[in-house]
Each structure stands twice: as structure tokens, then as C-alpha cells.
Amino acid sequence: MSFHVGLTGGIASGKSTVSQLFAQAGFTIIDYDLIAREVVAPGSLGLTHIAERFGSEFIDESGNMDRVKMGALVFSDVEALRALEAITHPLILQTAQERVDSAQGIVVHDNPLLIEMGGDAVCDVVVVVDALPALQISRMVRNRQMSETEAKQRIANQTDRQTRLAAADIVIENSGTLEELENRVVEVIVDLQQRGLSQ
């Protein structure tokens, strides 16, 4: 019997750190970012559809999707973003389901687009990692070498903070230190283990 935890959060919220801590606790992690890369790998059906829809200029010399060029397009053009999602989301969900079928225990759906893809509706518990938007922006500028304008654009293209928080059963606030985050995650791990046992 599996207990399904949806894990999401805005860009630069600290979701990946929380996911790593969940993995260390023995939870099974379904990494949707990783799957998103797999479904557009060279030779994949996803990449073929992308080349057909967007043109061969979005495929680099090594046969991979040109992420920089695609990112620049979809984060400035909502229609292009929706077209890309229409190709990739069904493939991501199909691959994720195959992994879920063979998983046991507490299964974490680590997905930045959990709410956009409707994944919150099929999870037993939704955990949202939250940070103040100003902090998200400063982290992106500092750690990802983005301009402030680019950082704001990335946030604007995601589900808004209020919608994410409204979908949350558990909120992990990450506007403090790493130690504070780790202490909070320990509490959440115990909570999830108890919920999983009582299911």
C-alpha cells in the first residue's frame, strides 16, 4: 500500500533540498523534473513532436532540445509554453505512473508543476515549500545568474503563491536558515510517517 505525497513549491523556494531530505528518510521520490528531461531525450517521441511543432532550430548539435533557446521562448510567450506543455505533460504523467505502479511505502511526487498538472488531486497529502517572493528573486539572481527581470518573469509564469498555499495540507516555510529548514522537515517527516501508517 502506498501513501502519496505531493511536493511542490515555486522556483528557488528550496523544494529540491526538501526532496533530498525526504529521500534520506527513506521515502521513494518520483522526480518530475528528471522525467521531464527523459521524455525529450534524443530519439524520444517528445523531442520528435517538439521539432515538428517548434522547428529544428530548437534542437542543438548534439541532438538535445536547446533548453536555453526554448526557455527564452516559453517564458516570454504563454502560447508557446502551453504548446510545449501539451507535448510533454502527457508523456511525463505516463512515465511517472509507471514508476508509481512499482513503488511501495511513502511515495513523494516531487513536481514543481504539481498543481498545474492536477497532481494535487491524486495525492493523499500536499506539501508546499514556501518562500517570500523577494527571497526567491534574490536566490535566483545570486545562485542562477539571472537578472531580476528574468527572475520575476519565471515567478510570473508559475502558479501564484496563494493558489499553491491554498492547495497545501502542510506548508514548509523556507525564508530562514538551512538549519531551520532541516528542523522543520524532520517534523514533517514524522507527520507523514504517522499519516502513512494510519491510512
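Of all the heavy atoms in Ala12 and Met140, the pair that sits closest is CB-CG, 3.8 Å. Across every non-hydrogen atom of Asp33 and Pro112, the tightest pair is OD1-CG, 3.5 Å. Among all heavy-atom pairs drawn from Ile115 and Ala167, the shortest one is CD1-CB, 3.8 Å. Taking both residues in full, the closest heavy atoms of Leu47 and Pro42 are given as CD2-CA, 3.8 Å, listed atom of the first, atom of the second, then distance. Summarising the geometry of Gln145 relative to Glu150, their closest heavy-atom pair is O-OE1, 4.5 Å, with the distance given to 0.1 Å. A pairwise comparison of heavy atoms in Ala83 and Phe54 identifies CB-CZ, 4.0 Å as the closest pair.
Taking hydrophobic clusters as Ile, Leu, Val, Met, Phe, Trp and Tyr residues chained together by side-chain heavy-atom distances below 4.5 Å, Leu113 does not share a cluster with Leu34. By the rule that hydrophobic residues join a cluster once side-chain heavy atoms approach within less than 4.5 Å of another member, Ile50 and Val78 end up as members of separate clusters. Residues Val125 and Val100 are members of separate hydrophobic clusters, defined by side-chain heavy-atom contacts under 4.5 angstrom among Ile, Leu, Val, Met, Phe, Trp and Tyr. Note on Ile59: it clusters hydrophobically with Ile87, by side-chain heavy-atom contacts below 4.5 Å among ILVMFWY residues. Leu81 and Tyr32 fall within a single hydrophobic cluster, where Ile, Leu, Val, Met, Phe, Trp and Tyr are joined by side-chain heavy atoms under 4.5 Å apart, directly or via other members.
At least one side-chain heavy atom of Phe22 sits less than 4.5 Å from a side-chain heavy atom of Val185. Side-chain contact between Ile189 and Gln24 is absent, with no heavy-atom pair separated by less than 4.5 Å. Within the 4.5 Å cutoff, no side-chain heavy atoms of Glu38 are placed close to those of Ser44. Between Thr177 and Glu182, the closest side-chain pair of non-hydrogen atoms is not below 4.5 Å. A heavy-atom distance below 4.5 Å is not found between the side chains of Thr28 and Val108. Side chains of Leu181 and Ile172 form a contact here, defined as non-hydrogen atoms less than 4.5 Å apart. Within the 4.5 Å cutoff, side-chain heavy atoms of Lys15 are placed close to those of Leu7. Residues Leu178 and Thr17 meet the side-chain proximity criterion, which asks for heavy atoms closer than 4.5 Å.
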Open item on the list: The test is side-chain contact (heavy atoms from CB on, under 4.5 Å); show your working for Arg139 and Arg144 and say whether it passes.
Closed with: CA-CA 7 Å; Arg139 285 172 180 167; Arg144 307 189 188 198; over 6 Å; no

- [ ] Start with the C-alpha distance between Asn111 and Thr8, add both sets of side-chain angles, then the distance that settles side-chain contact (heavy atoms from CB on, under 4.5 Å), and finish with yes or no.
- [x] CA-CA 5 Å; Asn111 187 356; Thr8 195; 5.6 Å; no

Open item on the list: Set out, in order, the CA-CA distance, both residues' side-chain angles and the distance that settles side-chain hydrogen bond (donor to acceptor under 3.5 Å, both in side chains) for Asp101 and Gln97, then state yes or no.
Closed with: CA-CA 6 Å; Asp101 289 343; Gln97 188 57 51; 2.8 Å; yes

Open item on the list: Determine whether Arg67 and Val40 satisfy the following criterion, side-chain contact (heavy atoms from CB on, under 4.5 Å), listing intermediate values before the conclusion.
Closed with: CA-CA 10 Å; Arg67 292 184 175 277; Val40 296; 3.6 Å; yes

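Atom CZ of Arg37 sits in a sparse spot, with 12 or fewer heavy atoms from other residues, nucleotides or ligands closer than 6.0 Å. With a 6.0 Å radius and a threshold of 12 heavy atoms from other residues, nucleotides or ligands, Glu57 has its CD atom above the threshold.
Between the side chain of Ser2 and the backbone N or O of Ala103, at least one donor-acceptor pair lies under 3.5 Å. Between the side chain of Thr95 and the backbone N or O of Leu91, at least one donor-acceptor pair lies under 3.5 Å. Panel note: side chain Ser19, backbone Ser16; no donor-acceptor pair is recorded below 3.5 Å.
Between Arg99 and the options Ile30, Asp31, Ile29, a side chain to side chain contact (heavy atoms under 4.5 Å, CB included) holds for only Ile30. Among Val107, Val5, Leu192, the one residue that satisfies the side chain to side chain contact (heavy atoms under 4.5 Å, CB included) test with Phe27 is Leu192.
Phe3 does not carry Arg195 over the face of its six-membered ring by the limits of under 6.0 Å from the centre and within 45° of the normal.
Remark: Glu98 CD to Leu93 CG distance equals 11.5 Å, nearest 0.5 Å.
Ionic pairing of Arg53 and Glu85 is not present here: no N-O contact between side-chain nitrogen and carboxylate oxygen is shorter than 4.0 angstrom. Using a cutoff of 4.0 Å between basic side-chain nitrogens and carboxylate oxygens, Glu180 and Arg184 are not scored as salt-bridged.
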Report all side-chain donor-acceptor pairs from residues 127-136 shorter than 3.5 Å, counting only partners two or more places apart or in another chain.
residue: Asp130; atom: OD1; partner: Arg161; partner atom: NE; Å: 2.9
residue: Asp130; atom: OD2; partner: Arg161; partner atom: NE; Å: 3.3
residue: Asp130; atom: OD2; partner: Arg161; partner atom: NH2; Å: 2.8
residue: Gln136; atom: NE2; partner: Ile11; partner atom: O; Å: 2.7

